[in-house]
There are 2 protein chains.
Amino acid sequence: MRPVIVVHGGAGRIFKEREEGCRTGVVRAALRGYGVLKPGGSALDAVEEAVRSMEDDPHFNAGCGSVLNEKGEVEMDAIIMDGKNLASGAVSAVKCIANPIKLARLVMEKTKHMLLTDHGAQLFAQAMGVPEIPGEKLVTERSRERWKKNLEPDSNPVEFQNKSFVTDGWVGSPSALAYQFEIRDLGTVGAVAIDSEGNVACATSTGGLSNKLVGRVGDTACIGSGGYADNCSGATSTTGHGESIMKVVLARLILYHMEQGMSPEMAADTALEYMKTRVGGLGGVIVVSSSGEWAARFSTKQMSWATVKDDELHYGIYAGERHTKSVAEALASESEGL
Amino acid sequence: MRPVIVVHGGAGRIFKEREEGCRTGVVRAALRGYGVLKPGGSALDAVEEAVRSMEDDPHFNAGCGSVLNEKGEVEMDAIIMDGKNLASGAVSAVKCIANPIKLARLVMEKTKHMLLTDHGAQLFAQAMGVPEIPGEKLVTERSRERWKKNLEPDSNPVEFQNKSFVTDGWVGSPSALAYQFEIRDLGTVGAVAIDSEGNVACATSTGGLSNKLVGRVGDTACIGSGGYADNCSGATSTTGHGESIMKVVLARLILYHMEQGMSPEMAADTALEYMKTRVGGLGGVIVVSSSGEWAARFSTKQMSWATVKDDELHYGIYAGERHTKSVAEALASESEGL
């Protein structure tokens with residue numbers, strides 16, 4: 001099997017000034033992941049490496065660069081899954097660690113559980129010797145400004161017209177309703193891969209929604225929603241409006257469609273269309289099949305993505321945008337950039 | 001549509017001395033739920049009422065009666081889902097509240113999120129005016145004894161032979177590995193219903209696994225695993241080995257099978273068989289279809305279940321056991337029992 005990696009840096013609206021950083025970030029992540037796969041490394045190691053690279057990149061809403069909750073804190077969710085045996089590890093609402101995806105992998109490999117949350121995840125990180133870092137180290141100027149802006153009473157006047165807020169007495173800052181009307185610059189990150197042995201894996205990591213309630217867990221930590229991997233069909237990682245993704249259990253839905261004979265592209269489009277029509281949600285997905293076919297599809301305006309297969313790199317942000325380079329050329333321009 | 005309710009009080013091994021209490025508890029829960037449905041109440045109200053009744057019953061591992069984590073505390077997960085619009089609310093790792101299922105419903109109805117965890121769920125409960133109760137009020141003598149027994153170094157000698165514990169340095173009390181070898185007296189509770197308008201709903205609530213790591217979240221809080229409801233196909237609530245249920249996203253899997261034309265019974269059996277062969281997990285499920293067909297199936301030794309349809313009550317614990325009574329007769333013996 002010729003190895004393949006696909007990564008995404010989040011679906012939504014990507015502001016102009018962030019486009020170049022996102023392109024560079026997803027390309028770097030895909031190259032890093034392919035660097036693991038090419039000499040025979042595992043899909044699991046490749047997706048972890050790719051996601052870790054984007055967690056460390058402040059352009060994305062994961063690890064450093066995560067958006068802030070209503071209290072101005074970073075709370076992150078992450079999941080990793082091994083398509084060989086359906087083993088998975090996840091963490092939700094974790095703070096003060098640089099790489100939630102590494103902690104998720106430790107949950108998978110060092111416990112008999114699959115999901116650890118909040119305080120318990122923190123205790124586990126300590127027991128595993130994962131260094132605790134000051135929460136502020138994960139906070140970028142951009143995240144803080146956005147959080148502050150969302151706190152302003154007139155930040156999103158349209159949300160105040162939201163019926164359920166007025167009639168049901170919704171709890172939390174009204175601006176957190178923003179995503180109902182516009183999928184913003186979300187920036188969740190993810191990766192899927194197939195290795196030379198035919199094993200598939202997925203990984204997803206996120207800071208969630210800006211100004212979310214404390215303790216809000218989205219699709220990312222939920223197996224079948226934020227990601228799913230099964231050697232019998234393929235692997236997928238999702239991004240977009242978390243609550244809509246959960247309602248349709250999006251990742252598992254895509255693989256069901258593939259089990260019924262659809263290509264990754266058709267399965268992705270069918271599932272995204274269903275999410276749009278059934279629950280009004282937008283998002284994006286990356287998919288790799290057990291035969292090495294791949295897709296990067298989205299119903300939002302943009303999604304940053306990159307893939308490497310057969311030593312060829314492809315990447316883009318807008319629908320229809322697709323740049324192609326050889327891996328050698330891409331690696332050369334990467335090292336020039338450093 | 002003639003309304004139907006099905007409830008379960010958990011799959012696993014039900015100790016002899018607990019059998020009668022479980023039978024009585026699931027019958028009471030089914031009657032309460034049916035009491036909501038019969039005069040035209042909603043499926044959502046019915047499943048909440050049925051689950052709340054079992055959370056208040058110390059015979060079950062949910063609410064009062066929940067098992068304890070490694071630190072001797074109760075940490076509970078719950079989910080509720082509305083098949084009409086796929087809306088759902090869930091809480092994970094919540095402490096010190098009597099009815100997690102009510103809090104899950106508040107998450108669904110009063111926030112734009114779907115899952116709140118741990119500290120954030122507690123803050124939300126406070127904001128909603130949900131009374132905080134001392135954690136000890138949820139702890140039964142049985143739960144505490146079981147927890148203590150699991151802490152004894154020789155409590156489950158077989159677990160010490162677990163290879164991954166020895167070689168990988170597994171974190172946590174070794175006795176928490178017990179479920180790998182024997183599905184114990186788990187006692188998660190759940191309900192599914194269809195109301196006179198043809199709306200389906202599901203609800204599941206649990207204290208999780210005895211002596212689990214702090215912050216362990218199981219299948220119950222994960223949409224698609226612990227439960228799923230969709231008016232287009234039906235509703236299901238699951239119980240059993242949580243981590244296995246999550247690996248196969250069991251609830252959603254059952255409804256996929258029904259979407260492909262299988263009956264609730266065949267869908268349940270096919271999915272449970274898949275979970276056993278693919279990941280070695282045992283469990284049980286209750287299902288109601290959008291046409292009002294129902295099933296209560298399990299791969300464990302026992303599962304307490306009860307259902308009411310057409311004013312007739314059915315209930316049982318062992319495979320093949322099925323008692324039948326009219327609702328009038330059952331209500332009469334219930335009030336005698338009080």
Side-chain angles (χ1 to χ4, degrees), chain A residues 69 75 81 85-88 90-93 106 109-124 127-128 162 164-165 168-172 176-177 179-180 209 212-219 221-225 228 242-244 246-249 252-253 256 260 278-279, chain B residues 69 75 81 85-88 90-93 106 109-124 127-128 162 164-165 168-172 176-177 179-180 209 212-219 221-225 228 242-244 246-249 252-253 256 260 278-279:
Chain A
N69 69 13
E75 284 191 323
M81 185 165 181
N85 52 9
L86 308 185
S88 170
V91 289
S92 60
L106 287 170
E109 294 183 342
K110 302 295 183 190
T111 80
K112 295 303 164 197
H113 301 325
M114 279 170 70
L115 172 54
L116 293 181
T117 195
D118 204 342
H119 176 58
Q122 193 188 350
L123 291 176
F124 174 68
M128 289 283 105
N162 182 279
S164 71
F165 175 71
D168 303 340
W170 183 75
V171 167
L177 292 173
Y179 58 84
Q180 278 209 308
L209 288 170
K212 64 186 176 184
L213 291 177
V214 173
R216 176 264 188 183
V217 179
D219 60 303
C222 277
I223 187 166
S225 293
Y228 200 76
E243 278 73 7
S244 297
M246 292 164 91
K247 283 178 185 174
V248 304
V249 196
R252 188 65 188 92
L253 180 61
Y256 279 114
Q260 304 289 317
R278 182 77 196 264
V279 299
Chain B
N69 69 14
E75 284 191 321
M81 185 166 181
N85 53 9
L86 308 186
S88 171
V91 289
S92 60
L106 286 170
E109 294 183 342
K110 301 294 183 190
T111 80
K112 295 302 165 197
H113 301 325
M114 282 170 68
L115 172 54
L116 293 181
T117 195
D118 203 343
H119 177 58
Q122 193 188 349
L123 292 177
F124 173 69
M128 289 283 103
N162 182 280
S164 70
F165 175 71
D168 301 342
W170 182 75
V171 167
L177 291 173
Y179 59 83
Q180 279 209 309
L209 288 170
K212 64 187 176 184
L213 291 177
V214 174
R216 176 263 188 184
V217 180
D219 60 304
C222 276
I223 187 167
S225 293
Y228 200 76
E243 279 71 8
S244 298
M246 292 165 90
K247 283 179 185 173
V248 303
V249 197
R252 188 67 188 92
L253 180 62
Y256 279 114
Q260 304 289 316
R278 183 77 196 265
V279 298

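Chain naming here is simple, since letters A, B, ... match the order of the sequence lines and numbering starts at 1 in each.
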> Does the salt bridge (Lys or Arg N to Asp or Glu O under 4.0 Å) test come out yes or no for A/E243 and A/K212, once each step is laid out?
Replying inline: CA-CA 12 Å; A/E243 278 73 7; A/K212 64 186 176 184; over 6 Å; no

> Counting heavy-atom pairs under 4.5 Å to chain B, which of A/V249, A/L86, A/L253 comes out on top?
Replying inline: A/L86

> Picking from B/A87, B/S225, B/G215, B/A93, which has the most non-hydrogen pairs under 4.5 angstrom with chain A?
Replying inline: B/G215

> Considering only heavy atoms, which portion of A/V248 lies under 4.5 Å from any heavy atom of chain B: side chain, backbone, both, or neither?
Replying inline: both

>> What part of A/N85 gets within 4.5 angstrom of chain B, counting heavy atoms only: side chain, backbone, both, or neither?
In response: backbone

>> My understanding is that only residues two or more places apart in sequence, or in another chain, count here; which of them pass side-chain hydrogen bond (donor to acceptor under 3.5 Å, both in side chains) with B/S244?
In response: B/H241

>> Between B/R278 and B/K247, is there a side-chain heavy-atom distance shorter than 4.5 Å?
In response: no

>> What I'd like to find out is whether the side chain of A/N69 reaches to under 4.5 Å of the side chain of A/R216, using heavy atoms alone.
In response: no

>> Just so I understand: if I count every heavy-atom pair under 4.5 Å between each of B/V214, B/D219, B/V279 and chain A, which residue has the most?
In response: B/V214

>> Quick check against the 3.5 Å criterion: does A/H113 have a side-chain atom that pairs as donor or acceptor with the backbone of B/L213?
In response: yes

> Given that the side chain runs from C-beta out, which part of A/Q122 has a heavy atom under 4.5 Å from chain B: side chain, backbone, both or neither?
Replying inline: neither

> B/S92: what forms a side-chain hydrogen bond (donor to acceptor under 3.5 Å, both in side chains) with it, not counting sequence neighbours?
Replying inline: B/T117

> Is it the backbone or the side chain of A/I223 that comes under 4.5 Å from a heavy atom of chain B, or both, or neither?
Replying inline: both

>> Using heavy-atom distances under 4.5 Å, tell me whether A/L106 contacts chain B through its side chain, its backbone, both, or neither.
In response: neither

